[in-house]
Protein chains: 2
Amino acid sequence: MTRAKTVKRRRASRGSGDQLRAEIIAATKDLLAASANSDAVSIRAVADAVGVTPPSIYLHFADKDELISAVVVDVFAELDAAMMAAGKRADGPLDRLRAFGLAYVRFAVGHPEHYRVATMERCVDEAPGGQSDMDKILADSAFTHFMQTVTACMAAGIFADGDPLPVTLQLWSAAHGIASLMIAKPYLPWGDLEVAADAVLCAAALGRATADLLGGSPDAGQVTSWLREQGAPT
Amino acid sequence: MTRAKTVKRRRASRGSGDQLRAEIIAATKDLLAASANSDAVSIRAVADAVGVTPPSIYLHFADKDELISAVVVDVFAELDAAMMAAGKRADGPLDRLRAFGLAYVRFAVGHPEHYRVATMERCVDEAPGGQSDMDKILADSAFTHFMQTVTACMAAGIFADGDPLPVTLQLWSAAHGIASLMIAKPYLPWGDLEVAADAVLCAAALGRATADLLGGSPDAGQVTSWLREQGAPT
DNA sequence: TGTACATCAGTGAACGCGCGTTCACTGATGTAC
DNA sequence: TGTACATCAGTGAACGCGCGTTCACTGATGTAC
């Protein structure tokens, strides 16, 4: 059932080398969506899907790692776009934070293999180059937009004033936790995914806010007695 | 620098076939610790590390998948043991929950590749067999011990009474989120890993408790006005 | 307008490699007599 | 106690495969004259 070569034929062009590049990235994403990890997607399969021979790939990417990196960049851009779209109709910074988180989880669950390769595969370099990686992530639109909203929540008195970075990391952890667990263990009794995700996200934000009320990082004893004050059932 | 075959020699034995089996699992774990994923650990490398020829592996495991599954079982057992040890000296159920969570994150950060293969690799079967997988996880010691402690927290009035399962999943998500993000993005500015993990875990538990106080799943408006009542800064 | 030619996107064939798995075998172990 | 023999853990060689990457090439494109 191999596609005859004549069915899809690639034509040359002159100035527009970028078109094939985009097609290669798109094909890689498609193949990735049906694979366990990026190792399982081969240059040959990508070339085949695009209707081109394997060496052509190397005209656009130095090697396989560079191709996968380009896919990751593309996935993060798509994720950011989904979050931005969801945040548009939010009412206030806390509601926007929630919309962002829900969009984040929705994206991950909807594109599990893309999310996996973008956030869960071992990084290529652990050398000093890691620093530039960090800059890349911190400058990444999705993360930045998330952090801007955390800053807005601080300004609105929802979180205590301070450095938004640790709070952002904390909330991102919550979103990533529910997203990646739903992907990795889909057979667990999650119930409605949106409801479960919302519960985690709300609890994370509310927990941060409440911990701030209690002075930052209360221990178990403080929490227990505070809950008793609040009239929690015993 | 290949080890001469005579340096490590395997002797036969009769009744004790299980010894080699255990050595194979241990060697696989060692190799996994230095690899990107289970695909990157080969049967040949495992055999070599154990001092045996590749076909010998098949005397103990039907195929590579079965070997990896055995490793995952072993990793979960080790994780459970670490959690139990940490929970022993806890003071009350909430404190135990925190000790469990911290031990969980510590284990993940200390054995990132083991944690990754156990919780983040694509499951082998998505067929009806998935149901038995679910049972396996729910019956898994670490998860069960976690859930028992959640039940104890409900009995102590810390969480609202009800089904402990969704609450357990929610708290597990928090622990998994911070653990897996620290592993995947170690170059992010986490500061002290224990402190960052503790902040996430505390916020998750406190958030769940507070949300219960507010009736289960408050929306942004309710949270904002409740915070204002509590005298949060504006 | 018409032709020669430089450019360069894409080709076809091949490289060497390491993989999971199989097969018929060997030879130490431990039991039956 | 001594010997013949069944057992079965582990071997050695090979299978077919798909991989990433390379190399010298081809032939359409578009420009120079």
Side-chain angles (χ1 to χ4, degrees), chain A residues 1-25 27-28 31-32 34-71 117 121 124, chain B residues 1-25 27-28 31-32 34-71 117 121 124:
Chain A
M1 206 57 106
T2 314
R3 218 175 238 263
K5 288 191 177 175
T6 49
V7 170
K8 189 172 187 184
R9 192 112 219 89
R10 188 110 300 278
R11 282 86 37 88
S13 71
R14 204 54 173 271
S16 62
D18 280 354
Q19 195 204 325
L20 182 52
R21 188 190 144 93
E23 281 184 56
I24 291 170
I25 292 179
T28 308
L31 289 168
L32 218 37
S35 304
N37 57 61
S38 63
D39 282 356
V41 172
S42 70
I43 292 279
R44 293 165 130 96
V46 169
D48 217 58
V50 163
V52 116
T53 58
S56 306
I57 306 294
Y58 293 88
L59 256 38
H60 299 271
F61 302 93
D63 55 21
K64 194 181 174 184
D65 279 347
E66 198 176 296
L67 169 58
I68 298 297
S69 290
V71 168
V117 73
E121 287 205 357
V124 179
Chain B
M1 206 57 105
T2 314
R3 219 175 238 263
K5 286 192 177 176
T6 49
V7 170
K8 189 171 187 184
R9 191 114 219 87
R10 188 107 300 279
R11 283 87 35 92
S13 70
R14 203 51 174 270
S16 63
D18 279 355
Q19 196 204 325
L20 181 52
R21 188 189 145 93
E23 281 183 57
I24 291 170
I25 292 178
T28 307
L31 288 168
L32 217 38
S35 304
N37 57 62
S38 62
D39 282 355
V41 172
S42 70
I43 292 280
R44 293 165 130 97
V46 170
D48 218 58
V50 163
V52 115
T53 58
S56 307
I57 307 294
Y58 293 88
L59 257 37
H60 299 270
F61 303 92
D63 54 22
K64 193 181 173 183
D65 279 348
E66 200 177 293
L67 168 58
I68 298 298
S69 289
V71 168
V117 73
E121 286 205 355
V124 178

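Letters go in sequence order (proteins before strands), and every chain restarts at 1.
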Subject >> Base C/dG18 paired with B/Arg44 side chain (donor-acceptor, <3.5 Å) >> reply: no
Subject >> Complementary nucleotide of D/dA4, counting Watson-Crick and G-U pairs under 3.5 Å >> reply: C/dT31
**OP:** Please determine, for the side chain of B/Leu20, which listed nucleotide (D/dT21, D/dG10, C/dG12) has the closest atom?
**Re:** D/dG10
Subject >> Residue pair A/Phe61 / A/Ile25: nearest heavy atoms and the distance that separates them >> reply: CZ-CG1, 3.8 Å
Subject >> Whichever of A/Ala40 and A/Ala62 has its nearest DNA chain D nucleotide further upstream toward 5' >> reply: A/Ala40
Original post:
Can you check the A/Tyr58 OH to D/dT21 P distance for me, whole Å?
Top reply: 4 Å
**OP:** Starting at atom CG of A/Asp65, determine the distance to atom C1' of D/dT21, rounded to an integer number of angstrom.
**Re:** 13 Å
Original post:
Nearest-Å distance, CG (B/Leu59) to C1' (D/dG10)?
Top reply: 7 Å
Original post:
According to a strict under-4.0 Å criterion, is B/Ser42 in side-chain N/O contact with OP1 or OP2 of C/dC19?
Top reply: yes
Original post:
Can you tell me if the side-chain N/O atoms of A/Ser56 get under 4.0 Å from OP1 or OP2 in C/dG10?
Top reply: no
Original post:
Looking only at heavy atoms, what is the nearest atom pair of B/Asp39 and B/Lys64, with distance?
Top reply: O-NZ, 3.6 Å
Original post:
Do any side-chain nitrogens or oxygens of B/His60 fall under 4.0 Å of OP1 or OP2 in D/dA9?
Top reply: no
**OP:** Go through D/dG10, D/dT21, C/dG20 for me and flag the one nearest to the B/Lys64 side chain.
**Re:** C/dG20
Subject >> Rounded distance in Å - CD (A/Glu23) to P (C/dG10) >> reply: 9 Å
Original post:
Under a 4.5 Å cut-off applied to non-hydrogen side-chain atoms, are A/Val41 and A/Ser38 in contact?
Top reply: no
Original post:
If you check every side-chain atom of B/Pro55, which of D/dA13, C/dG20, D/dT22 has the closest atom?
Top reply: D/dA13
**OP:** Could you tell me which nucleotide pairs with D/dC25 by Watson-Crick or G-U wobble geometry, both distances under 3.5 Å, or answer none if nothing does?
**Re:** C/dG10
Subject >> Of the listed nucleotides D/dT21, C/dG12, D/dT11, the one nearest the side chain of A/Thr53 >> reply: C/dG12
**OP:** Round to the nearest Å and state the distance from B/Asp48 atom CG to D/dG12 atom C1'.
**Re:** 14 Å
**OP:** Please state how far atom CZ in A/Phe61 lies from atom C1' in C/dA9, giving the value in whole angstrom units.
**Re:** 15 Å
Subject >> Touch class at under 4.0 angstrom, heavy-atom based, for B/Val41 against every strand present >> reply: sugar-phosphate
Original post:
Do you know the tightest heavy-atom contact between A/His60 and A/Glu66?
Top reply: O-OE2, 4.3 Å
Original post:
Taking a pair as Watson-Crick or G-U wobble with both distances under 3.5 Å, which nucleotide is matched to C/dG16?
Top reply: D/dC19
Subject >> Nucleotide D/dC17, atom P - distance to CG of B/Asp39 in whole Å >> reply: 20 Å
Subject >> Residue among A/Val50, A/Ile43, A/Ile57, A/Val71 satisfying side-chain contact (heavy atoms from CB on, under 4.5 Å) with A/Thr28 >> reply: A/Val71
Original post:
What integer distance in Å separates B/Ile43:CD1 from D/dA14:C1'?
Top reply: 17 Å
Subject >> Considering all heavy atoms, the nearest A/Ala27-A/Ala49 contact >> reply: CB-CB, 4.1 Å
